[in-house]
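See below for the structure under consideration.
Please read these numbers as outputs of a predicted model, since none were measured by experiment. Naming convention: chains lettered A, B, ... in sequence-line order (proteins, then strands); numbering from 1 in each chain.
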Amino acid sequence: MADAVRRKPNMAKEKVKMPEQDPNVRNRNFEEVALGYTPEMAMEEATRCLNCKKPFCMEGCPVNVPIPRFIEQVVAGNFEKAYEIITEENALPAITGRVCPQENQCEGKCVRGRAKGCESVGIGRLERFVADYHREHGEHKTPHVEKNGKKVAVVGSGPAGITCAGELARRGYDVHVFEALHKTGGVLSYGIPEFRLPKTIVQAEADVVADYGVDFETNVVVGRTITVDELEEAGYDAVFVGSGAGLPRFQGIPGENLNGVYSANEFLTRVNLMKGYMFPDRPTPVKISPTVCVVGAGNVAMDAARTAKRLGAENVYIVYRRSEEEAPARKEEIHHAKEEGIQFKFLTNPIAVNGDEEGWVKSITCQEMELGEADASGRRRPVPVEGHTFDIETGTFIVAIGQSPNPLIRQTTPGLDTQKWGGIIVNEETMETSRDSVYAGGDAVTGAATVILAMGAGKKAAIAIDEKLSGK
Amino acid sequence: MYKIVRKETLNDAAFEMEIEAPMVARKCEAGQFIILRVGEDGERIPLTIGDFDREKGTITIVVQAVGFSTKQLEKLEVGDEVTDFVGPLGRPTEFHDGLKRVVGVCGGIGAAPVYPQLKALAEKGVKVDVIIGGREAQYVLWADKFKTFCDHVYIATDNGELGTKGFGTTVLQQLIDEGVKFDEVIAIGPVIMMKNVVKVTKPYNIPTSVSLNPIMVDGTGMCGCCRVTVDGQTKFACVDGPDFDGLNVDFDELMERQRFFKKEEKYVDEHADRICDLMRGAE
Ligand SMILES: Cc1cc2nc3c(=O)[nH]c(=O)nc-3n(C[C@H](O)[C@H](O)[C@H](O)COP(=O)(O)OP(=O)(O)OC[C@H]3O[C@@H](n4cnc5c(N)ncnc54)[C@H](O)[C@@H]3O)c2cc1C
Ligand SMILES: Cc1cc2nc3c(=O)[nH]c(=O)nc-3n(C[C@H](O)[C@H](O)[C@H](O)COP(=O)(O)OP(=O)(O)OC[C@H]3O[C@@H](n4cnc5c(N)ncnc54)[C@H](O)[C@@H]3O)c2cc1C
Ligand code: SF4
Ligand code: SF4
Ligand code: FES
């Protein structure tokens, strides 16, 4: 590799600002919040990278994107070259650039962010820029791959399944992806809202994988339409299970079946997958009251709250039993939510949903909490403040307290070992399950995690499948 | 794609369709359902599998055109295709051991889901009877199909036009009073009907299986929209059911939950033409 051009780094403390829609405009539409860098902005931000000999940023990236190498190409304006470098390791950069929790990953480790008052290099923003640039301007080559005559079935078309399928197809395998829903993309399609991840981008990234010859078949529920055993009988040499963690949890408090209570999954699916945000111009209904309460403080809760605001809610509350510090959502999402007028009630735990005579939610009763002793995870445990409860009047209550793996595959695949809570048990080196030639990865194994971890698992499994089937 | 190979009008509200879906037909069992969509952006409509033909690779559904989406489906003709068709969903019916005589009680299009269950029982050698209820004679469905394997086919109409005047429950009560011993009752139809059947069977503690039809979205256990309360516990009808032990179902809650989107459904139904144009424009 040619030596990178020596240049004087740009020592600006802050990232080049990302153009965004004004908060009071965007909280009324479903268009993307962050508008993306121009080539000039990207090149300027790229010059903030020190091109470190020992790039700590890469240690933070679960798939080892060659960060300084691609950034150097952005500095030089070689955006297509930068794209090639990123996609050596990451097949879906337009997506990860938008939704990775960068502050805990690549950017969290960047040396530029260490000094007080300094921000790390905007790695995610650059990754997104490069991917968008390629999609809009790049040459689209359909790769030619020699087929090796072996067949692999992939269950689920979320980031784990898509990545595994793409990696195997590139290696010459005949890959069939079976998806239960009528659209591919998993959570990227039904969960993460349009204003954070436009669905045209998800489909465009999936199309790139389809170009390698991956065959996507929607409307197939593995376990019901066809079982894993039957896939093997049908001649698939290996099966990868990337079925995600789609089973919504409820709190188990009184009143959760009243009209006006949604799981975040239902609410977001109605809006995203079924285009409920266009109701009544699209027939699947979704409705909310002027005040909406969301319980939970992860990405899912932020998405539900910000979606409710966009559907016209006047007051949107997020209630969470711990404090802001423990909130698991990406920092940027909490920040965006606040800008858009979402109101946070920390150290607050809903204990009952109250209904009217006709079965509609009219309020929720909350328990005030305080932080007690640290628990096993090292986080201080929230404990109730005796006698301090209050009601919030609301007609809509959205439950976003987590998801577990759907039990269907486990119930219909004899010999597939799972954890007590439902996660599929794998050999972490190969992602192989207790069943020979059946692999698994993503949320189906870890429980609800992140897009990039799911992609990493899909890729690891693809490499292991290839090694096994090609006898390496 | 999923081609419509047969369509029959059953009465002024319901129609029957046979649709090509070989993967579903290969695998489905009594008690299961499918979800279909008409058009890109169409709603996901859950419908019970009424009959299936593994060799032809087809599924028969019986549909009551009650609102926007079922009316969209009704507009399709033989040779047309539905956009999506997924299944079989839900658990197959689990029959208890040692059944000697079972009666199906169906209201309206409930005849379709009862049919494969009784047929499966008859094939196992269980004696089966059926009570078909309908408002008027035209709403009494599939009596001839049931005759091929049922010992008795009883009919009840609200106005007495056909069979007994009254409801399916009227006939059921009469049979019980006459001393006919049923080991199980399978009741499928409008929620209010299933609730009333349970009112009849509960005092005698006759096991009563019902098939619940809450509002659904994905049908795979992902959204939780289909929550029902059975024996004090929340269940997802699409994956834990749709068949449940009727003696323990909270029917009132189910009826309330079915009304969640009443206003929106009415609006869409009334503005169907405009919405169809908009949807077509997007394709
Ligand atoms: C609202 C929301 C917001 C999020 N925001 C972020 C974020 O900002 N950043 C981030 O990194 N992560 C985020 N996540 C988490 C992230 O989306 C997931 O960790 C990731 O999508 C997991 O990928 P996966 O491929 O394992 O599963 P999924 O994306 O869940 O895909 C699984 C697919 O398998 C299908 N499937 C399931 N069972 C079957 C079956 N039996 N047969 C056939 N198909 C089946 C499902 O329909 C689905 O399409 C968010 C999640 C949600 C719900
Ligand atoms: C497991 C199951 C099996 C069913 N089997 C049959 C069947 O064999 N034949 C048949 O005619 N109908 C069946 N239904 C009901 C059918 O799905 C609804 O009538 C249909 O979705 C109504 O849509 P619509 O737009 O035409 O009417 P709408 O005007 O939207 O609704 C009319 C009524 O149907 C119910 N409904 C609305 N949307 C849904 C939805 N997404 N899912 C479920 N119910 C809904 C509501 O109670 C509503 O009040 C079944 C439902 C379930 C859950
Ligand atoms: S994939 Fe995610 S963690 Fe890795 S460099 Fe890109 S944004 Fe950072
Ligand atoms: S740690 Fe930061 S400055 Fe160093 S190479 Fe990585 S992105 Fe550039
Ligand atoms: S319909 Fe979504 S979980 Fe049952």
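- Contacts of A:Leu408 with chain B are absent, with no heavy-atom separation under 4.5 Å from either backbone or side chain.
- Taking a 6.0 Å sphere around CG of B:Asp273, one finds it holds 12 or fewer heavy atoms contributed by other residues, nucleotides or ligands.
- A:Phe195 and A:Phe30 have tilted rings, their planes meeting at an angle from 30° to 60° on a 0 to 90° scale.
- Formation of a donor-acceptor pair under 3.5 Å by the A:Glu179 side chain with backbone atoms of A:Ser157 is found in this model.
- Looking only at atom types and distance, the side chain of A:Ser363 has a donor-acceptor partner in the side chain of A:Asn354 under 3.5 Å away.
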>> Test salt bridge (Lys or Arg N to Asp or Glu O under 4.0 Å) on B:Glu43 and A:Arg270; report intermediate values, then the result.
In response: CA-CA 10 Å; B:Glu43 257 188 300; A:Arg270 284 181 178 276; 5.8 Å; no
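- Between A:His176 and A:Tyr236, the ring planes lie perpendicular to each other; the angle is over 60°, past the 30° to 60° tilted range.
- With a 4.5 Å cut-off on non-hydrogen atoms, B:Gln32 touches chain A through its side chain but not through its backbone.
- For A:Val261, the parts sitting under 4.5 Å from any heavy atom of chain B are the backbone and the side chain alike.
- Contact of B:Phe85 with chain A is made through the backbone alone, with heavy-atom distances under 4.5 Å.
- For A:Asn406, the part lying near chain B is the side chain, with the backbone staying farther off; criterion is any non-hydrogen pair under 4.5 Å.
- Only the side chain of A:Phe279 comes within contact range of chain B, judged by heavy atoms closer than 4.5 Å.
- Using modelled atom types and a 3.5 Å distance limit, the side chains of A:Thr396 and A:Ser289 yield a donor-acceptor pair.
- Options A:Gly244, A:Pro280, A:Ala245 differ in how many heavy-atom pairs under 4.5 Å they form with chain B, and the most are formed by A:Pro280.
- Residue B:Gly219 comes nearest to B:Leu89 through the heavy atom pair O-CD2, 3.7 Å, listed as atom of the first residue, atom of the second, then distance.
- Of the listed residues (A:Lys183, A:Lys287, A:Met274), the one with the most heavy-atom contacts under 4.5 Å to chain B is A:Lys287.
- Side-chain polar atoms of B:Thr220 and B:Asp218 form a donor-acceptor pair below 3.5 angstrom.
- With a 4.5 angstrom heavy-atom cutoff, A:Lys275 touches chain B only via side-chain atoms.
- Side-chain contact of B:Asp53 with B:Thr58: a donor-acceptor pair under 3.5 Å is absent, judged by distance alone.
- Contacts between A:Thr269 and chain B at a heavy-atom distance below 4.5 Å involve the side chain alone, from C-beta outward.
- Interface remark: A:Glu217 contributes side-chain atoms only to the contact with chain B (heavy atom separation under 4.5 Å).
- Heavy-atom neighbours of chain A within the stretch residues 250-266 of chain B, taken at a separation under 4.5 angstrom, comprise B:Glu253, B:Glu256, B:Arg257, B:Arg259, B:Phe260, B:Phe261, B:Glu264.
- Proximity to chain B (any heavy atom under 4.5 Å) is shown, for A:Gln403, by neither the backbone nor the side chain.
- Per-residue heavy-atom pair counts under 4.5 Å with chain B were compared for A:Ala264, A:Gly359, A:Gly252, and the maximum is reached by A:Gly359.
- For the set B:Gly90, B:Cys28, B:Gly224, the count of heavy-atom pairs under 4.5 angstrom toward chain A peaks at B:Gly90.
- Heavy atoms closer than 4.5 Å to chain A are found in both the backbone and the side chain of B:Arg44.
- The residue among A:Arg224, A:Met278, A:Gln411 with the most heavy atom pairs within less than 4.5 Å of chain B is A:Arg224.
- Heavy-atom distances place the side chain of B:Val268, and not its backbone, under 4.5 Å from chain A.
- Taking 4.5 Å as the limit, some side-chain heavy atom of B:Glu74 sits within range of a side-chain heavy atom of B:Phe15.
- Residue B:Ile34: no heavy atom, backbone or side chain, is found under 4.5 Å from chain A.
- For a residue to count as touching a neighbouring chain, one of its non-hydrogen atoms must lie under 4.5 Å from one of that chain's; by this rule A:Leu258 touches chain B with the backbone only.
- Atom NZ of B:Lys3 sits in a sparse spot, with 12 or fewer heavy atoms from other residues, nucleotides or ligands closer than 6.0 Å.
- Contacts of B:Ile35 with chain A are absent, with no heavy-atom separation under 4.5 Å from either backbone or side chain.
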